[in-house]
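Here is the structure we will look at.
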Amino acid sequence: MRTNPAIINKSVPDLALTVESGKQYCAGCGKQLSEGEKAITALNGYWHHKCFVCCMCKKTFDEDKFLLKEGRPYHEGCAKEAFGKKCAGCGKVLEGKCVSVEGKVYHANCFVCEKCKKELLQGFVEVGGKKLCENCGKKR
């Protein structure tokens with residue numbers, strides 16, 4: 001499942017500028033930026049490089065592009081973790097081949113027989129509320 005955050009199509013180094021004369025304050029820490037200091041301009045403000053961080057992991061973006069979701073910057077992986085649909089089997093973000101069963105979505109390799117752990121992509125039988133492959137369903 002894909003999330004749809006707004007993508008800022010510039011990497012953080014492309015947003016860098018050198019502060020010229022005048023009083024500019026960091027939108028992150030509130031401290032004044034020094035004249036000649038390298039700063040980032042993003043989200044309607046000026047930022048020290050160390051203050052412009054992913055709101056989830058709190059790490060800087062360095063060379064990375066950032067995603068904007070609900071007015072806050074995220075690394076792409078952090079945005080997926082925070083807003084992406086999760087697998088009903090393992091709880092991790094859904095990516096790659098997935099299967100939808102009874103209103104739940106699973107990674108293909110997470111939708112498995114509850115007895116032998118074989119993938120159930122070819123179908124399953126339900127016995128006593130458990131999803132089983134055909135072979136395990138016959139053995140019950």
Side-chain angles (χ1 to χ4, degrees):
M1 189 73 177
R2 189 173 172 95
T3 58
N4 293 317
I7 298 175
I8 306 300
N9 288 318
K10 290 187 176 183
S11 62
V12 170
D14 292 337
L15 299 172
L17 58 82
T18 301
V19 177
E20 296 180 10
S21 60
K23 292 186 178 181
Q24 303 296 337
Y25 293 89
C26 176
C29 68
K31 294 180 181 174
Q32 186 173 352
L33 298 163
S34 304
E35 187 173 330
E37 182 177 2
K38 294 285 184 190
I40 295 168
T41 176
L43 306 177
N44 298 318
Y46 295 92
W47 304 76
H48 293 109
H49 176 75
K50 67 180 182 183
C51 294
F52 190 67
V53 297
C54 172
C55 67
M56 188 164 170
C57 71
K58 307 297 184 215
K59 293 181 183 175
T60 60
F61 292 94
D62 298 318
E63 300 296 319
D64 303 333
K65 291 183 179 181
F66 66 93
L67 300 169
L68 188 62
K69 182 76 173 171
E70 298 175 355
R72 299 168 62 186
Y74 289 85
H75 287 109
E76 183 177 4
C78 292
K80 285 181 181 179
E81 187 64 34
F83 301 102
K85 190 164 180 144
K86 308 287 192 297
C87 174
C90 69
K92 294 182 180 176
V93 175
L94 290 167
E95 293 184 304
K97 190 173 181 182
C98 298
V99 59
S100 178
V101 178
E102 298 173 350
K104 296 179 180 177
V105 183
Y106 301 82
H107 292 109
N109 61 346
C110 291
F111 186 62
V112 296
C113 173
E114 292 183 44
K115 191 169 185 180
C116 72
K117 305 300 180 202
K118 177 183 168 190
E119 287 185 10
L120 296 175
L121 300 180
Q122 302 304 316
F124 65 94
V125 294
E126 197 161 335
V127 178
K130 293 184 177 186
K131 291 172 181 55
L132 304 173
C133 67
E134 193 173 313
N135 286 339
C136 290
K138 288 178 184 177
K139 294 177 187 176
R140 51 183 172 121

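- Atom CD of Glu126 has more than 12 neighbouring heavy atoms from other residues, nucleotides or ligands inside a 6.0 Å radius.
- Counting non-hydrogen atoms of neighbouring residues, nucleotides and ligands closer than 6.0 angstrom, the NZ atom of Lys131 exceeds 12 such neighbours.
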Report the C-alpha separation of Ile40 and His49 in whole Å, then their side-chain angles, then the decisive distance to 0.1 Å, and conclude whether the side chain to side chain contact (heavy atoms under 4.5 Å, CB included) test is met. CA-CA 6 Å; Ile40 295 168; His49 176 75; 3.6 Å; yes
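- Lys97 places a side-chain heavy atom less than 4.5 Å from the side chain of Leu121.
- Leu94 and Val99 are members of different hydrophobic clusters when ILVMFWY side chains are connected at heavy-atom separations under 4.5 Å.
- No donor-acceptor pair under 3.5 Å is formed between the side chain of Trp47 and the backbone N or O of Thr41.
- Put simply, the side chain of Pro73 reaches to within 4.5 Å of the side chain of Leu43, judged on heavy atoms.
- Contact check on Lys23 versus Glu35 returns no salt bridge, with no Lys/Arg side-chain nitrogen under 4.0 Å from an Asp/Glu carboxylate oxygen.
- Once rounded to the nearest 0.5 Å, the distance linking SG of Cys26 with CD of Gln24 reads 11.0 Å.
- Looking at Lys86, its side chain does come within 3.5 Å of a backbone N or O of Glu81 through a donor-acceptor pair.
- Checking side-chain atoms of Lys117 against main-chain N and O of Lys115 turns up no donor-acceptor pair under 3.5 Å.
- No cation-pi contact links Lys31 to Tyr25, judged by a cut-off of 6.0 Å to the six-membered ring centre and 45° from its axis.
- Linking Ile, Leu, Val, Met, Phe, Trp and Tyr whenever their side-chain heavy atoms come within less than 4.5 Å puts Tyr106 and Leu120 in one cluster.
- Contact check for Met56 versus Arg72: no side-chain heavy atoms found under the 4.5 Å cut-off.
- Using cut-offs of 30° and 60° on the angle between ring planes, the pair Phe124 and Phe111 is perpendicular.
- For His75 and Phe61, the gap between ring centers is short of 6.0 Å.
- Atom CD of Glu95 is separated from atom SG of Cys87 by 11.5 Å, given to the nearest 0.5 angstrom.
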